[in-house]
S.K.: 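Sharing a structure below in structure tokens format, with a few things to ask.
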Amino acid sequence: DESLPAFDAVVSFSSVEHSGLGRYGDALNPWGDIQQIGRAWCATKPGGVMLLGVPIGPVDKVWWNAHRHYNDASLPHLTANWRQTWQGEDYDHPDKHPVMLFVREDSLSPTEATTS
């Protein structure tokens, strides 16, 4: 069997926002970041967690071909099927990369899923 085992946790800091932009030799793909987070979901066990750090600001923007910035509208799309449970404090930097903790949505009880 060549499949990977499921992990308890995945970590990505200052990485996903570059996916699909071609800067590091990857193919151009406008959904590259979303697909990477989807792959992280597939690689974690039910109840698994993801620690994520991406640039967040007031504007959703692609700095071609360097990276993406996420905002309140785009971050939920990036983290679909995950529920944020914690966020570290922002530090004073123009490219804020707050560390956020997410849990897989499939691991929530029906009550938790409807109240989040």
Side-chain angles (χ1 to χ4, degrees):
D1 184 11
E2 295 182 22
S3 63
L4 290 172
F7 295 95
D8 295 320
V10 294
V11 177
S12 176
F13 186 83
S14 192
S15 176
V16 169
E17 67 269 18
H18 304 284
S19 297
L21 297 180
R23 183 178 185 144
Y24 298 105
D26 55 325
L28 295 179
N29 181 347
W31 303 282
D33 54 342
I34 294 169
Q35 289 175 338
Q36 290 302 321
I37 295 298
R39 287 182 181 120
W41 188 93
C42 290
T44 56
K45 297 176 183 176
V49 297
M50 173 176 64
L51 196 61
L52 178 67
V54 293
I56 295 182
V59 177
D60 178 32
K61 184 173 183 175
V62 175
W63 295 86
W64 184 256
N65 71 346
H67 60 277
R68 297 173 179 88
H69 276 201
Y70 302 93
N71 65 6
D72 291 340
S74 58
L75 189 62
H77 294 286
L78 178 67
T79 58
N81 299 316
W82 296 91
R83 180 175 60 91
Q84 186 173 348
T85 59
W86 177 83
Q87 179 171 326
E89 294 182 26
D90 292 339
Y91 52 90
D92 190 20
H93 187 275
D95 283 339
K96 292 183 178 183
H97 281 66
V99 176
M100 299 166 282
L101 183 67
F102 295 85
V103 64
R104 278 180 52 151
E105 282 286 347
D106 66 344
S107 63
L108 301 175
S109 71
T111 303
E112 288 176 308
T114 58
T115 59
S116 60

S.K.: Quick one: does any side-chain atom of His18 pair with a main-chain N or O of Ala66 as donor and acceptor, under 3.5 Å?
M.R.: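 It does hold such a pair.
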S.K.: With a 3.5 Å distance limit and no angle check, can you tell me whether Thr85 reaches the backbone of Leu101 through a side-chain donor-acceptor pair?
M.R.: yes
S.K.: Counting N and O atoms only, with roles assigned by atom type, does the side chain of Trp82 sit under 3.5 Å from a partner on the main chain of Met50, one being a donor and the other an acceptor?
M.R.: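 No: the side chain of Trp82 does not pair with the backbone of Met50.
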S.K.: Between Leu51 and Phe13, is there a shared hydrophobic cluster once you connect ILVMFWY residues whose side-chain heavy atoms come closer than 4.5 Å?
M.R.: yes
S.K.: Which heavy atom of Pro55 sits nearest to which heavy atom of His69, and what is that distance?
M.R.: CB-CD2, 3.6 Å
S.K.: What heavy-atom pair brings Gly47 and Arg104 nearest, and what distance separates the two atoms?
M.R.: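 Heavy atoms only, the tightest pair is N-CB, 4.5 Å.
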S.K.: What closest approach, in Å, do Leu21 and Trp64 show between heavy atoms, and which atom pair accounts for it?
M.R.: O-CH2, 3.7 Å
S.K.: Would you please test Val49 and Thr44 for side-chain contact (heavy atoms from CB on, under 4.5 Å) and show each step?
M.R.: CA-CA 7 Å; Val49 297; Thr44 56; over 6 Å; no
S.K.: Can you check whether Gly20's main-chain N or O pairs, donor with acceptor, with Asp26's side chain at less than 3.5 Å?
M.R.: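 Yes, the answer is positive, given that a donor and an acceptor are paired below the 3.5 Å cut-off.
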S.K.: Would you find a donor on one side and an acceptor on the other, under 3.5 Å apart, between the side chain of Thr79 and the backbone of Leu75?
M.R.: yes
S.K.: Does any part of the side chain of Val10, heavy atoms only, come nearer than 4.5 Å to the side chain of Trp41, both counted from C-beta?
M.R.: no
S.K.: In the single-linkage hydrophobic clustering (I, L, V, M, F, W, Y; side-chain heavy atoms under 4.5 Å), do Val62 and Trp31 co-cluster?
M.R.: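 In one cluster: no.
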S.K.: Could you check Arg68 against Val54 for side-chain contact (heavy atoms from CB on, under 4.5 Å), going step by step and ending with a plain yes or no?
M.R.: CA-CA 8 Å; Arg68 297 173 179 88; Val54 293; over 6 Å; no
S.K.: Do Met100 and Ile56 come close enough that some side-chain heavy atom pair is under 4.5 Å?
M.R.: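 Side chain of Met100 against side chain of Ile56, heavy atoms only: contact under 4.5 Å found.
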S.K.: Considering all heavy atoms of both residues, which atom of Asn71 and which atom of Gly57 are nearest to each other, and what is their separation?
M.R.: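 Distance-wise, the nearest heavy atoms are CB-O, 3.2 Å.
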S.K.: Using 0.5 Å steps for rounding, measure from the CD1 atom of Ile37 to the CG atom of Leu52.
M.R.: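 CG of Leu52 is found 5.0 Å from CD1 of Ile37.
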S.K.: Is there a side-chain contact between Asp33 and Glu17 (heavy atoms, below 4.5 Å)?
M.R.: no
S.K.: Mind listing the closest non-hydrogen atom pair of Gln36 and Ser19 along with its distance?
M.R.: CG-OG, 3.3 Å
S.K.: With a 4.5 Å limit on heavy-atom distance, are the side chains of Asn81 and Asp106 in contact?
M.R.: no
